[in-house]
Amino acid sequence: MGKKFAEYSNFNLSDINKEVMRQWDEKDLFHKSITTREGAPSFVFFEGPPSANGMPGIHHVMARSIKDIFCRYKTMKGFHVKRKAGWDTHGLPVELGVEKELGITKEDIGKKISVDDYNAACRTNVMKFTKEWTDLTRKMGYWVDLENPYITYDNKYIETLWYLLKELYKNGYLYKGYTIQPYSPAAGTGLSSHELNQPGCYRDVKDTTVVAQFKMLDPKPEMTQFGTPFFIAWTTTPWTLSSNTALCVGPNIPYVAVQSYNPYTGQPATYVLAKDLLNAHFNPKAADLALEDYKPGDKLIPFKVIAEYKGTDLVGMRYEQLMKWITPENESQAFRVIPGDYVTTEDGTGIVHIAPTFGADDAKVAKAAGIPPLQLVDKYGNLRPSVDLTGKFYLLSDLDPDYVKTHINVGEYKKYEGRFVKNAYDPKLTDKDETLDISICMDMKANNQAFKIEKHVHNYPHCWRTDKPVLYYPLDSWFICSTKARNRMIELNKTIKWKPESTGSGRFGKWLENLNDWNLSRSRYWGTPLPIWRTEEGTEEKCIGSITELFEEIEKSVKAGFMKENPWKNFKVGVYTKENYDPKNIDLHRPYIDSIILVSDSGKPMKREADLIDVWFDSGAMPFAQMHYPFENKDLIDKGEYYPANFIAEGVDQTRGWFFTLHAISTMIKDSVAFKAVISNGLVLDKNGNKMSKRLGNAVDPFGAIEKYGSDPLRWYMITNASPWDNLKFDTEGVEEVRRKFFGTLYNTYSFFALYANVDKFDYSQTEIPMSKRPEIDRWIISLLNSLIKEVDDCYNEYEPTKAGRAISEFVTDNLSNWYVRLNRKRFWGGKEEDKQAAYQTLYTCLETVSRLMAPIAPFFADQLFLDLNAATGKDKSESVHLAYFPKFDASLIDKRLEERMQLAQDISSMTLALRKKVNIKVRQPLKQIMVPILAEHEQENIEAVKDLIMNEVNVKEINFVDDSTGILVKKIKPDFKKLGPKCGKSMKAVAALLQELTQEEISKFEKAGQYTINANGAEITVDKEDVEILSEDIPGWLVANNGSITIALDVTITDDLRKEGIAREFVNRIQNIRKSSGFEITDKICVKIEKSDNVNAAINDYKEYIASQVLANEISLVDNVVNPTELDFDDFKVNIEVEKA
RNA sequence: AGUCCCAUAGCUCAGUUGGUUAGAGCGCCACACUGAUAAUGUGGAGGUCGGCGGUUCAACUCCGCCUGGGACUACCA
């Protein structure tokens, strides 16, 4: 007892932020929020690891707020919510950052700088902004364990990755393949899809394209009747034609054979192409011209369709190699027509040129049809595509001489030997020089091989490092055969709760359906090494799944004499201490790992495959790797306590990134989802809807924003302004508005409460007034409060934080502050004891409950509010709202009819005030009555119940009801379309019009009979009473307002008595002002002297007591003269008055 | 190019299974309040629900096409 509610002189959420954070640290609350729930059911959350080599931005506040909200909520619901922070530390962005910093390129690594030093630089660099990240995380109030984060470069982490890779390997998911990948000849490296999607990588380029003619070897008879028979196919990369080994048709696409002439040479020919594209290549205007009338050079070239085929009819047909420079292996299998489902007739000819070495799709369909790729043998004996790694046609001198002899037509090839396939790759050429494509096209034109040569603009990816176009090029890579698990992934995906749902079924679902194998290889230095060792010929290999296993293998190798000793002899197998796994003791990265040579089962040396693995594997494996599974914490995961996650959240850009890798790894390793629910949030844009970027200077600094506004309004704004999955147009004015509107109001409400509660020494030690004894308005707000609890609980449960926040906000501002507190102020400073207690208890309950409901979103202010309230009452002794429990709603306290009645009161009040406004009578002037037309009994009951509130709020003396019996009501009929619609069908409109035209007599007849027959468009329709709403819209002669079905009339006559009372109220108001401006305490008693005047005498005499009670005056007297007059200016007269302390 | 998301007042957003006065806040204009006061309240103006078609008695709502913005994926020749 005796503890007071804290009162504040100012309201600064940024300061509250800091102070509350200090207390959290002091009390070690984050840890307690976990330890106090020990043993409770666990709610598993996974943190997606950000990369700490960049500064955190405002969008991170968004993403992390979402994560934090649900972790805090679940903690309040009694769950044990462990959450580990994580850092993504490998990968190209890190490497490039380091290269930039050190001023080197990839080629310098191992030369100018040792791999060792380089990786050390990466290790430091990647954690460059850790401090800022930690700082932001704390300031924004994101509770996550930053002291024991998982770090992907950790030896323990890598060891788990190896374990997982080995599991995949054992189950046949890992294979080495030769595939077409984006490759940058200028940079000498393959590129990941992530790199290809850097801003600005896809650019429009103008390329020379050609429709090539492929001469048939075994044409169908009808194709031979006119000129030479050709297939025609379009390509945007003419240089790849020399590597053509097949043509591809759509099996179900219709094709035609057309007799015509080559536009360049004028030679007669029979062309085969897709029927749909006939007019794209043959001008319809020439359709009627006779073939024989054609003379070379004519603009319009005649043509004649002579036959039609389905794609399948063409499959298997053979054609002559277009450029006979190089003879492919297995020549007999090449140069055939093959089927491909991906062929369309959107552009080109419906026949696709296939160069298996330079197209991913090409390689796929070619492989399926047994078509050999066109490959060379280089001087080292390797099979190579016709283009070398620098982007030029191979030099003969770089090839195997025997191969050149047997397979290359040197005379033909010489002309193109060493030509770069894009000018950009050739250091000696510029854009203005003739491209290889053009050279080839010119030759084709001359050789009657080109049907059409055109410039074509298309979108093409460029290397983000060298700015030069990417080449699709075959490279050796390790793959995860994720397609094998595709169906299972699709099935499991259906069990995941996606927010929004469309991302799961749409973006993610479609992605799964079109899944490709996962290319794991990266030829870089800083990353998780692929733990596969191979003999030189690749006939034997070993996949290593743990350090222990590696050590066993090293021992064998030492025995076999391939290694002198184990380089990590201080490492103790099976000892999982931090020290033992410290990089000083062991480092699984390159270059150390590359020095390990193992021995194969047959006794041959094996070297590690030089590749690193995709960093996305690092992050997708975090459920296991963060626990060092299965080496440690095996049970936690196997028994489901820390896996799978109940909930994760990241940006929508992770759909095919982290969300996918988590899902894929989990499906393949555990045949389980990795997460049961996921929120994919949208972007944070600037207030104009533009992407934030440092370059444009429109990026919002999260630190500055938190410092200025505090995290709570920032979080509240971000969460309530738009659904997380919609993009947020971030406007600081919105944050300011949230601060003022929501937090300001809540703070004011609390301050109001605290002020009077302290005066009255309220501390909830008094007996609780039973709900049944509290006034209607108290039961109303408690009912709303319980409805709110249920709603907010449901929203959080359904991962709808936006709706939760909006509901809380509406309750606080509209219902609690603007209605409950405003209407009940007098109860707090006057009022009978029991009624006062009821008011305090009610308001206390509301505020305290709100502090819990809002805590997940606005953790700082909510905690202060909760503690301030409970410090005085001791009702909940939790150290923090975040250790307390989420409120439970009590259905017995919810009274929907009461809520409706109050709504009615609010509507009637609002309408009355609007009427007052119309005739300019201020609220302080009492009026006699409101008239309400009543057509049904329950309407009157409802209003009666809230009558006092209305009268008080709008300052009228009575509410009277006018029922039908008076005969003065003017009624109107409103059709209920929902009921009447199905009944009337097409006549609906006519019926509605007729109903609205009914006279007063007809309406009464209708009411008495209970139904009415209408003749609409010749059809008789019987309308029942239930099909319409009969309402009274007017009382003739009164000032009337209506809104929906409610109509009210206001009596605006001001009688003498009313005028006097108005003056009295005016006095109360003025005297209160004087009290305040004189600096009196609210409990001070006063003495009032008023100068006599005809304008006021009567009013004062009649209302002396009333005024005195309202302004705490011991005495109010009318005097001839006042000594220290204050002049009060009433609208049409002035009065002198003196107010002093009694 | 495909997939997905978004489009409602000047701005930010609500809008139930289709049902007839399309709402709120901010901003703006006017007013009131001044014992919740670095607050607050009330009223008012402000909409072809992106466009065009369709289904329906009835479309902001369902369907199709288009436009604009965004994201993701992608050398379909």
Side-chain angles (χ1 to χ4, degrees), chain A residues 10-11 180 182 193 196-197 202 209 233-237 240 248 340 342-344 346-355 358-362 458-461 469-472 500 502-503 505-508 510-511 514 651-653 655-657 682-683 685 687 689 691 720-723 725-727 729 731 733-734 737 740-741 744-745 747-753 755-756 802 806 809-810 813-814 817-818 821-822 825 829 910 913-914 916-918 920 922-924 974-982 984-992 1043-1044 1069 1072-1073 1075-1077 1080 1082:
Chain A
N10 72 334
F11 177 57
I180 313 301
S193 61
L196 241 38
N197 279 289
Y202 277 88
T209 69
W234 183 54
T235 178
T236 54
T237 48
T240 60
C248 188
Y342 75 107
V343 176
T344 68
E346 267 160 45
D347 45 23
T349 63
I351 300 177
V352 179
H353 138 66
I354 300 293
F358 299 111
D361 282 324
D362 301 28
H458 63 152
N459 213 242
Y460 198 82
V470 156
L471 191 61
Y472 284 81
S502 62
T503 300
S505 56
R507 185 180 290 196
F508 194 68
K510 295 266 161 62
W511 163 257
N514 299 311
V652 68
D653 51 321
T655 305
R656 285 149 182 184
L683 301 177
L685 308 169
K687 63 177 173 181
K691 221 171 176 173
T720 58
N721 188 64
S723 284
W725 36 88
D726 285 336
N727 289 345
K729 289 180 190 162
D731 187 350
E733 276 178 43
E737 186 183 323
R740 212 176 53 237
K741 189 89 195 151
T745 304
Y747 164 77
N748 267 323
T749 306
Y750 168 77
S751 299
F752 172 86
F753 168 81
L755 178 67
Y756 290 104
T802 307
R806 284 176 178 171
S809 178
E810 190 189 326
T813 56
D814 294 358
S817 167
N818 189 31
V821 173
R822 201 160 51 81
R825 272 180 295 185
W829 69 70
S910 166
L913 291 168
R916 275 179 170 275
K917 183 92 185 172
K918 218 178 248 173
N920 258 321
K922 52 175 70 167
V923 181
R924 207 173 286 140
K974 225 174 94 184
D976 184 335
F977 286 87
K978 207 164 184 172
K979 287 182 187 141
L980 221 39
C984 303
K986 289 194 196 284
S987 316
M988 186 63 239
K989 266 190 182 141
V991 172
N1043 179 349
N1069 166 260
Q1072 296 286 31
N1073 285 349
R1075 283 185 61 115
K1076 191 185 177 194
S1077 58
F1080 295 173
I1082 55 171

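For clarity, every value in this text was computed on a predicted model and none was experimentally measured. Each chain gets a letter, A, B and so on, in the order the sequences are listed, and its residues count up from 1.
With both ends at atom C1', the span from C6(B) to A14(B) equals 15 Å, rounded to whole Å. Only the C1' atoms considered, G23(B) is 11 Å distant from A9(B), to the nearest whole Å. Comparing A39(B) with U16(B), their C1' atoms are spaced 36 Å from each other, to the whole Å. Spacing between G15(B) and C62(B) at atom P, rounded to whole Å, works out to 12 Å. Across G44(B) and G69(B), the matching P atoms stand 38 Å from one another, rounded to whole Å.
Nucleic acid contact class of Arg740(A) (heavy atoms, under 4.0 Å, all strands): sugar-phosphate only. Counting any heavy atom pair closer than 4.0 Å across all strands shown, Gly682(A) reaches no nucleic acid atom. Across all strands, Gln1072(A) comes closer than 4.0 Å to base atoms (heavy-atom distances). Base engagement by Val343(A) is indicated by at least one non-hydrogen atom pair under 4.0 Å involving a base atom. Val821(A) comes within 4.0 angstrom of a nucleotide base, judged by non-hydrogen atoms across all strands. Within the 4.0 angstrom heavy-atom criterion, no nucleotide atom of any strand lies near Lys979(A). Across all strands shown, Thr235(A) has heavy atoms under 4.0 Å from sugar-phosphate atoms exclusively, and none from any base. Contacts of Arg825(A) with the nucleic acid, taken as non-hydrogen atoms under 4.0 Å apart, include base atoms. Here Gly734(A) lies out of heavy-atom contact (under 4.0 Å) with every strand.
Remark: Ser817(A) is not in phosphate contact with A36(B), judged by side-chain N or O atoms under 4.0 Å from OP1 or OP2. Close to C26(B), at under 4.0 Å from its OP1 or OP2, lies a side-chain N or O of Lys741(A). Contact between the side-chain N/O atoms of Lys974(A) and the OP1/OP2 oxygens of U20(B) is not found at any separation under 4.0 Å.
Counting distance only, with no hydrogens placed and no angle test, the side-chain atoms of Lys978(A) and the base atoms of U17(B) include a donor-acceptor pair under 3.5 Å. Applying the 3.5 Å distance criterion, the base of A36(B) shares no donor-acceptor pair with the side chain of Thr745(A).
Computed from coordinates, the Glu733(A) CD to C13(B) C1' distance equals 16 Å when rounded to whole Å. In this structure, Ile180(A) places its CD1 atom 15 Å from P of C76(B), rounding to the nearest Å. Going from atom CG of Asp814(A) over to atom C1' of G23(B) covers 13 Å, rounded to whole Å. In this structure, the OH atom of Tyr750(A) is 14 Å from the C1' atom of A36(B), given to the nearest Å. The distance from atom CG of Asp726(A) to atom P of A7(B) is 7 Å, rounded to the nearest whole Å. Rounded to an integer number of Å, the gap from Asn721(A) CG to G25(B) P is 15 Å. Atom CE in Met988(A) sits about 13 Å away from atom C1' in U56(B), given to the nearest Å. Taking atom NE2 of residue His353(A) and atom P of nucleotide C76(B), one finds them 14 Å apart after rounding to whole Å.
Place Asn818(A) and Thr749(A) on RNA chain B by their nearest nucleotides, and Thr749(A) ends up nearer the 5' end. Nearer the 5' end of RNA chain B, as judged by each residue's closest nucleotide, is the contact made by Lys729(A), out of Lys729(A) and Asp976(A).
For C31(B), the paired nucleotide is G41(B), the pair qualifying as Watson-Crick or G-U wobble because both relevant distances are below 3.5 Å. Pairing partner, U55(B): none, since no Watson-Crick or wobble contact has both distances short of 3.5 Å. For G25(B), the paired base is C11(B) (Watson-Crick or G-U wobble, both distances below 3.5 Å). Nucleotide C76(B) is matched to nothing when pairs are restricted to Watson-Crick or G-U wobble geometry with both distances under 3.5 angstrom. Across all strands shown, G68(B) pairs with C6(B); the Watson-Crick or G-U wobble distances both stay below 3.5 Å.
The distance from the CD atom of Glu733(A) to the CZ atom of Arg740(A) is 9.5 Å, given to the nearest 0.5 Å.
Among the nucleotides C13(B), G41(B), U20(B), the one closest to any side-chain atom of Arg806(A) is C13(B). Comparing C33(B), G25(B), A36(B) by their nearest atom to the side chain of Arg924(A) picks out C33(B). Side-chain proximity of Asn748(A) to U37(B), G70(B), G41(B): nearest is U37(B). Looking at the side chain of Leu913(A), the nearest of the listed nucleotides A36(B), A32(B), U42(B) is U42(B). Comparing G25(B), A14(B), U12(B) against the side chain of Ser723(A) picks out A14(B) as the nearest. Here the side chain of Asn727(A) is nearest to one of G70(B), A58(B), A32(B), namely G70(B).
Stacking between Phe977(A) and the base of U20(B) is present: ring centres sit under 5.5 Å apart and the planes differ by under 30 degrees.
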Given side chain to side chain contact (heavy atoms under 4.5 Å, CB included), test Trp725(A) with Thr503(A) step by step and report yes or no. CA-CA 9 Å; Trp725(A) 36 88; Thr503(A) 300; 5.9 Å; no
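Between the side chain of Asp362(A) and the backbone N or O of Ala355(A) there is at least one donor-acceptor pair closer than 3.5 Å.
Side-chain atoms of Tyr756(A) and Arg825(A), non-hydrogen and from C-beta on, never get closer than 4.5 Å to each other.
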